[in-house]
Every structure is written in structure tokens, then in C-alpha cells.
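See below for the structure under consideration.
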Amino acid sequence: MSAMLQRLRQPGEIRVEFQPIFRVRRDHLEVYALEALARGPRGTSMERPAVMFEYARRKGAEAAIDLICMSEALRAASTLPGQPLISLNVHGSTLTGVRNFTQRFLTSAETYGIAPGRLMIEIIEHHVPWIAAKFHETLEELREAGVHIAIDDLGIGGSNFQMVVDCHPDHLKIDRHLIHGCSEDRWRRAVLQSIATLARSCDVTTIAEGIEDVADLEVLLENGIDTMQGWLYARSMPALELAKSSLLLSPPMPQRMKGSCS
Amino acid sequence: MAARLLYGSPVTKRLLIVDNEETILFALQRYFTRAGFIVDCASELEEAEALAIHTDYDLVIVDLALTTTGSTEGLEIIRHLRNRRSSARVIMLSAYGTTAVQHEAIRRGADIFLHKPRPLAEIASVVEQLIGGLA
């Protein structure tokens, strides 16, 4: 095994940060969920999660790294105050390739005192051919246990309409590529409008990722997309820092946003 | 040369350096970082490929053999870059390259093949010729 892969498997080398997802109300924000985001060892190329997962995939260790991230995220989440929804990224190939995934996941959550109803699995996919039957079986097990299902990065790569139709998710996370600049781009606005219509038709919650601009925010709100994640509200941070901040108990409404919400 | 590198005009070009010898990696990284480049390092084929997928590099310095003497992972990295239509200039380094391997490296898209060991200043000179940005 390569030195880097060995290092990634060492306890504490993969760190987890949490980024709040907020629901925007007329005059306040509600914490909707916390997304766990994995980071590789400091000072290495693996500090960039996209590089770490691409590397793991090429080493045939994607599922193993997913499980480490999952366990670390649950452990860190157990130290946070309140009962927020905890959102975890899992590759489609992990859902099919790991034996008894659901049982392992629920056992790990139970160990850290987190009820299944507080968990959301964000499915990410990168062209890995997974076994459809096993994939659906695992999703059904998770759903039956009360775990929420989200499709991550909707609109790019493998997070497409086929995935929506096959997974029947209860959350759609719209990729930042569609969000950035939507206030000045009618093509993006049209795509967002169609996703909002789809979500309403299927009673699905949409979450806008990577929101950084008030003008883009207004477009989203006009289309009924009111659940947001991005630097406009909060960056990701370690559990300890998040617990010490006031973000979870009384999330601040940025001054420049007041009055812009429906 | 170092002073010129340190106090030369600012550059923001991106380099990927791939070598399984930590000392060489460290020396090249320090040298080019101090010269103002943004430098990523990799010591394995898969790490280099993962970085190249998510970053547009101006130049890649890659060792031919990344595992055992006689291995040719460096050629795989050039192939990976060119398959992705990367316009990165490529310097291939090796202590063992035969003429046939050198030709193969150039055929796959390397700009130049250098035998190791080479003084840092000489490698820097080639970098300057290929992408500029050193002074």
C-alpha cells in the first residue's frame, strides 16, 4: 500500500468540517442541516477533497475512504449542540460495494447517539458503474430506517435526471455551477426554474449550493428555492469552532440581505 | 540566480512536480515556490493524475520511474495530460532513460527530456525557456 493511502487510513489524518445549510425566512434564518465535509492531511495535495477522492478512486480505495469520512463525521457531529440534520457525502459505488452498508452506517450512528432521522445521505457519483439492484436496495433500507436521501451536485456529472428518476430522493442539492451568476444569465435561471418545478411536483426539498451573491439569492427565492448553503451565510468550520459560534443557536441574517427575502 | 528568482517580477504560473524521491520533490518545490510559482507535488501516478484532473497546470516536471528502477509511470502521466487535452508543457526527468524511452516521451508529448541529476538552476533555465516567469 502506498504511503499516502496508508496515511489517509490513519486515525485523525482525515478531518471533517461542517457547513451549515439554512432555510431563509422573512426576517430570520433557520438551521436546516449541517453538511460534513472531509479534508485530507494538512500540507498535502489531499487537503483538497476532490483530489483526495479522485486519488482514492484510482487506488481502488474509494469505499474505504468514504467509510473513514463517514465515521469521522458522525464522531464529530456527536460533539455539536442541538439536534441538527447531519448530511454526509457517500459515493454511489460505496452504497453498492460495501457489504451491509446500511447496517454499518446505522450502527456507527447509534454509537455516537445520532438517530437515523437526523441523517441525510448525499449521493455523489463519478462515472463508476454500480450495480443498480444493489444500489436501490441500499437506498430503500436507508429510507425505511428514516435516513433522508439527497442527490448532490445536481446538474453536473452523474447527478443527472436519470439519477433523480432512479433514486426518488427527498432532497435535491443544486450544483454551484448553476447558481453562480444566475441573476445575469437567463439559461441558468431557466434551469433553476425547471428544477424548482420538478421539486414542487415531487414534493422534494431543493438546496442551493455555493450561494455567494445576494442577486443570485433573490433569483432563487423568487423561484421558491429557500434552502441555502454557501459563503454568503457561513463557511465550513471544524465542529469545535462551530459549537463555540452562535451560528447554530441564533444564525445571523446578514444586514445586506434584510428585506430581500420573501 | 536565487536572488533573481526571489526578487524578480511576480508570476502566478502553476507547476506540478512528480517524483517519488522526497528529497528531490522537496528541493524542487522549495525552489520554484520561492520563485513565485504555485507548486503542487505528487509522488505517485494516481496522485498526479488526480491533481491534473482538478487543476490546469502551465508546466509539469515528471520523473520517468515512480516505483521501481525501470518503471515508466511518467509516460502514463504524459498520456493522461494529453488525453485531457492539457496544454501544460512537460519536462521529463530520468536517471535511466534510454534513447528509445526518450523518443517515446517526446512522442507522447513531453517537450524535453533531461537526464538526472541536473542542477536546479539548469532545470529552472529550461522552465524559463518553456513558460517564462522566472525573472
Side-chain angles (χ1 to χ4, degrees), chain A residues 1-10 13-15 37-66 68-69 89 91-94 97 124-128 152-153 155-159 175-177 180 209-210 236, chain B residues 13-34 37-63 65-69 71-81 83-86 88:
Chain A
M1 190 189 296
S2 75
M4 181 55 81
L5 203 51
Q6 267 179 342
R7 187 170 174 188
L8 290 176
R9 288 169 183 261
Q10 292 298 314
E13 289 288 358
I14 292 179
R15 300 160 290 125
L37 298 161
R39 307 274 186 262
R42 286 183 207 280
T44 72
S45 56
M46 302 297 140
E47 208 162 355
R48 295 160 60 187
V51 173
M52 177 170 73
F53 284 109
E54 185 65 45
Y55 169 76
R57 185 160 34 255
R58 287 166 182 276
K59 298 297 273 186
E62 187 174 60
I65 298 301
D66 257 357
I68 293 169
C69 294
N89 292 282
H91 290 87
S93 54
T94 300
I124 39 180
E125 196 44 77
H126 296 267
H127 328 294
V128 179
D152 197 20
D153 303 330
I156 61 160
S159 296
D175 189 77
R176 64 187 60 229
H177 182 74
H180 282 184
E209 294 180 310
S236 67
Chain B
K13 300 207 167 167
R14 298 196 76 114
L15 260 62
L16 172 62
I17 303 171
V18 190
D19 202 306
N20 62 334
E21 290 184 51
E22 287 297 324
T23 49
I24 291 175
L25 211 52
F26 177 75
L28 287 170
Q29 182 185 28
R30 191 171 65 168
Y31 189 88
F32 285 106
T33 301
R34 292 175 78 182
F37 289 88
I38 299 169
V39 181
D40 286 330
C41 291
S43 54
E44 293 177 64
L45 168 68
E46 295 85 354
E47 187 180 6
E49 288 178 338
L51 279 163
I53 281 178
H54 293 285
T55 317
D56 286 327
Y57 292 105
D58 296 292
L59 185 132
V60 177
I61 301 173
V62 57
D63 188 20
L66 296 177
T67 49
T68 55
T69 303
S71 68
T72 58
E73 293 87 355
L75 294 177
E76 280 302 300
I77 291 169
I78 299 175
R79 189 180 62 83
H80 176 78
L81 288 166
N83 281 351
R84 295 188 59 78
R85 301 186 187 283
S86 165

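In the text below, chain A, chain B and the rest are named by the order of the sequence lines, each starting its count at 1.
With respect to chain B, the highest number of heavy-atom pairs below 4.5 Å among A:Met46, A:Arg48, A:Met4, A:Arg58 belongs to A:Arg58.
Between the side chain of B:Asp58 and the backbone N or O of B:Arg14, at least one donor-acceptor pair lies under 3.5 Å.
Only the side chain of B:Ile53 comes within less than 4.5 Å of a heavy atom of chain A; its backbone N, CA, C and O stay farther away. Looking at B:Glu47, both its backbone and its side chain come within 4.5 Å of chain A, counting heavy atoms on both sides. Contacts of A:Met52 with chain B are absent, with no heavy-atom separation under 4.5 Å from either backbone or side chain.
By the 30° and 60° cut-offs, the orientation of the rings of A:Phe53 relative to A:His91 is tilted.
Side-chain N/O atoms of A:Ser93 and A:Arg57 include no donor and acceptor closer than 3.5 Å. Remark: the A:Arg39 side chain and the A:Ser236 side chain contain an N/O donor-acceptor pair separated by less than 3.5 Å.
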